[in-house]
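Both backbone and side-chain heavy atoms feed into the values below; hydrogens, waters and symmetry mates do not. Convention: sequence-line order gives letters A, B, ...; per-chain numbering from 1.
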Amino acid sequence: MKKLLLGNEAVARGAWEAGVNVVSSYPGTPSTEITENMAKYDEVFCEWAPNEKVATEVAIGAAVAGARAMCCMKHVGLNVAADPLFTVAYTGVNGGLVIVVADDPGMHSSQNEQDSRYYALSAHVPMLEPSDAQECKDFTKKAFEISEKYDTPVILRLTTRIAHARSLAELSERIPQEKKPYKKDTMKYVMMPGMAKKRHVFVDARTASLREFSEDLNSGINTVEYNSKKLGIITSGISYQYTKEVFPEASVLKIGMVYPLPDKLIREFAENVEELLVIEELEPFIENHILQMGINVEGKKYFPNQGELNTTIIRKAYKGEKLDCAVAAENVEAPARPPVLCPGCPHRGVFYVLSNMKVRVSGDIGCYTLGAMKPYEAVDTCVCMGASVSMAHGMDKADAQFGEKMPTVAVIGDSTFMHSGITGLIDIVYNKGTSTVIILDNSITGMTGHQQNPTTGHTIKMEEAPAVNLVKLAEAVGVKRVRVEDPFDMKKFRAAVKEELEANEPSVIIAQRPCALLKNVKYGAPVKIDTEKCRKCGACMKLGCPAIYCEDGVYKIDESICLGCKLCEQMCAFGAIGKEE
Amino acid sequence: MKNLDCLNVLIVGVGGQGTLLASKFLGAAAALCGKDVKVSEVHGMSQRGGSVITCVKIGDKIASPIIDEGEADVILAFEQLEAIRWLSYLKKGGTVITNVQKINPMPVVSGAAKYPDNIIEVLEKSEIELVALDALGLAAESGSTKAVNVVLLGVLASKLTEVPENIWEESLKSVIPAKMYGINEKAFQQGLRCYSANSLM
């Protein structure tokens, strides 16, 4: 029976059907739901690792030990995992190893739109790219088979529109896998120069065999659909679906294996059609390969390398056509609706204080990146996971070189601190920095939708687990000034930041208050603004709480969304805000 | 009347309003009718009170899961500003079913922009079929303001007469926890009846 599955759910189902034993991941949009769904299967050991490098290494270890293993991450997570990736490409595997990477063209929830296909090319690791949920499931299973047959890790690449789209998929039963016997093999698994040189030879031979495999249409991975031969389109992933909508009459070579590419199939297809076009999102990965083969082809001449493609862009760029659409009788200026910190969000107090103090804020990846937005405009930088801590150190050292000191703090979430903030903190202590690091400890990984992490005391399967004690951890690496503060006591929090900025040594402030969306967080009744006491000064609005608004000059609180956190009470000098007696 | 041979429904709203559940509900019903269906969602950053859209495409064979400009047969809007924001995604002469609720975006809250006060009026004058209703009120009457999504799905269901009621029931059960079913069933019926009331006016 067919079931409507999210692409990510289908990857999990495919891995389960393939008999996967060990899955380790770090959450990241748009990949998170793969591992969340994986955790629902009792037969599989499943975990959230502190970061993608660890997750990948756990999966490599499991595969070397003889189990089928998988790790999942978003595109930027593969940068973190690139170190093990490039070398496991040499060692190969024992049990099958699948690395799932989800790219985010258009940056729905990311800081860049890198094209992960280049990782496959430069690491010489085969990469499959599904185009719907059925293929997510099928390709995951095939990936395990390819991995074991060719002694290689296999990357499964998704993009947001594949990972987060539901389509019908046929379900099958799980085929449990025997554990592959573990054999000590230093020539294969100990990558010292002498061994690695030999393995590099193996890698090149393996790529040649995989290229042969990719030519075989019977594998069901690459497919050719001949229609009119006037126009032939080579495409893959979600772009295939757009192609079918805009060019139903064209012949299509659908690439399911983006590395290594099937040269013979491409050449034959090119010879059979009058005009050859490549439709692909982001970089001209396939197009450049075909050009290198000496074949005349067009692609990026029409289609942008920035953002996502869609049928409108493709239709307009190539055909110069646009669909008729409904038009409003009058032009209505619709104000933008950017994402905001939720009502009751514990980060609000932090950013109000930091914005007010006008300190430089080295930011990081999470909900709290929104501290860069109005009305706080507190965050100065956001580069990658963990960068807040190390960049603050770099800023402080740069200033010191010139005899200056600009008050600077790093802000980083609990999960992000576990991911890669701790190494930066060690650097600060070790290299005699004086930076102040604020850990926004909201007891959960918030941005990606509430995943457990090493500080929360629970595993992905909600079993109790030892929780990392952030105070002791900071102390253990040598920070002497460590304090826990409530970000909702803004006066005290402000004083704490001021004190730590003045201290001439490293300091850590743990701003502790759970995410307002956690089920156990209950603030009680919404608060109200007493219109008689209100002097209309607008101070409460500076918090940027979506529940507080001004209508016809009257300040009000939207009871349907106010959580009653009472942060706004502290803003009112006239005692106009409070719960009803 | 709309039919399931080719039906593109764009569901738009504000992060946190339950658009995802609505799309799952509609998608499950279409699948139960034996149709091909694709649903596209957006997770992550935009869920934090931002403008969110999900696409539900139903037909005999669906390729792209995305509804683009001029491709939607129906826009199901959970909030009126979002209805007008995404109007160009509607086919010429298509249908807009909108909740009249207003949720101020941050630029309006902070006073940097003004919430347009003539949205429903403009939609009425536009060459589309419009159903505007107080889905929040109907949801509250059913027992939970969170059931706005199911009320609106009820309105859409009233236009999909070929889908038998037991399919809606089964599909609703598949996406709603058992203890919330009663309230949501009531909300669905409110929406279903509301359209017939509207068309009498």
Identify which part of [X] has an atom lying under 4.5 Å from any heavy atom of chain A, answering side chain, backbone, both or neither.
X	result
B/Lys146	neither
B/Ala72	neither
B/Ser88	both
B/Gln80	neither
B/Ala63	both
B/Leu123	neither
B/Asp36	both
B/Lys91	backbone

Structural part of [X] lying under 4.5 Å from a heavy atom of chain B:
X	value
A/Asp558	neither
A/Thr160	neither
A/Val332	side chain
A/Glu330	both
A/Cys345	neither
A/Leu168	both
A/Pro335	both
A/Ile548	backbone

Of all of [options], which one pairs up most often with chain A through heavy atoms under 4.5 Å apart?
options	value
B/Ile103, B/Val96, B/Leu136	B/Ile103
B/Arg85, B/Lys92, B/Lys125	B/Arg85
B/Glu82, B/Glu121, B/Glu124, B/Lys114	B/Glu82
B/Ala31, B/Ala112, B/Gly70, B/Ala30	B/Gly70
B/Ile119, B/Thr54, B/Val37	B/Val37
B/Asp68, B/Val109, B/Leu90, B/Ile84	B/Asp68

Quick check on side-chain contact (heavy atoms from CB on, under 4.5 Å): which of [options] does [X] satisfy it with?
X	options	answer
B/Thr98	B/Ile120, B/Val155, B/Val131, B/Leu152	B/Ile120
B/Cys55	B/Ile11, B/Val9, B/Ile67	B/Ile67
A/Arg337	B/Asn104, B/Val52, B/Leu81, B/Val108	B/Leu81

Find out whether B/Glu79 and B/Asn99 are in side-chain contact, i.e. whether some heavy atom of one side chain is under 4.5 Å from a heavy atom of the other. no
Check: A/Leu563 and A/Pro526 side chains under 4.5 Å, non-hydrogen atoms: no
Parallel, tilted or perpendicular: ring planes of A/Tyr368 versus A/His347, cut at 30 and 60 degrees: perpendicular
Give me the ring orientation class for A/Phe247 and A/Tyr318: parallel if the planes are under 30° apart, tilted from 30 to 60°, perpendicular past 60°. perpendicular
About how many Å separate [atom2] of [Y] and [atom1] of [X], when rounded to the nearest 0.5 Å?
X	Y	atom1	atom2	result
A/Leu518	A/Ile444	CG	CD1	5.0 Å
A/His450	A/Cys515	NE2	SG	3.0 Å
A/Cys568	A/Leu543	SG	CG	7.0 Å

What I want to find out is whether A/Arg161 reaches B/Glu41 closely enough, with some N-O distance under 4.0 Å, to be called a salt bridge. no
So, does [X] use its side chain to make a donor-acceptor pair with the main chain of [Y] at under 3.5 Å?
X	Y	value
A/Ser110	A/Met107	no
B/Ser64	B/Ile66	yes
A/Arg348	A/Gly544	yes

Options A/Pro248, A/Pro343, A/Ala336, A/Pro375, ranked by heavy-atom pairs under 4.5 Å with chain B, top entry: A/Ala336
Residue from A/Lys542, A/Lys3, A/Arg315, A/Glu245 scoring the most non-hydrogen pairs under 4.5 Å with chain B is A/Glu245
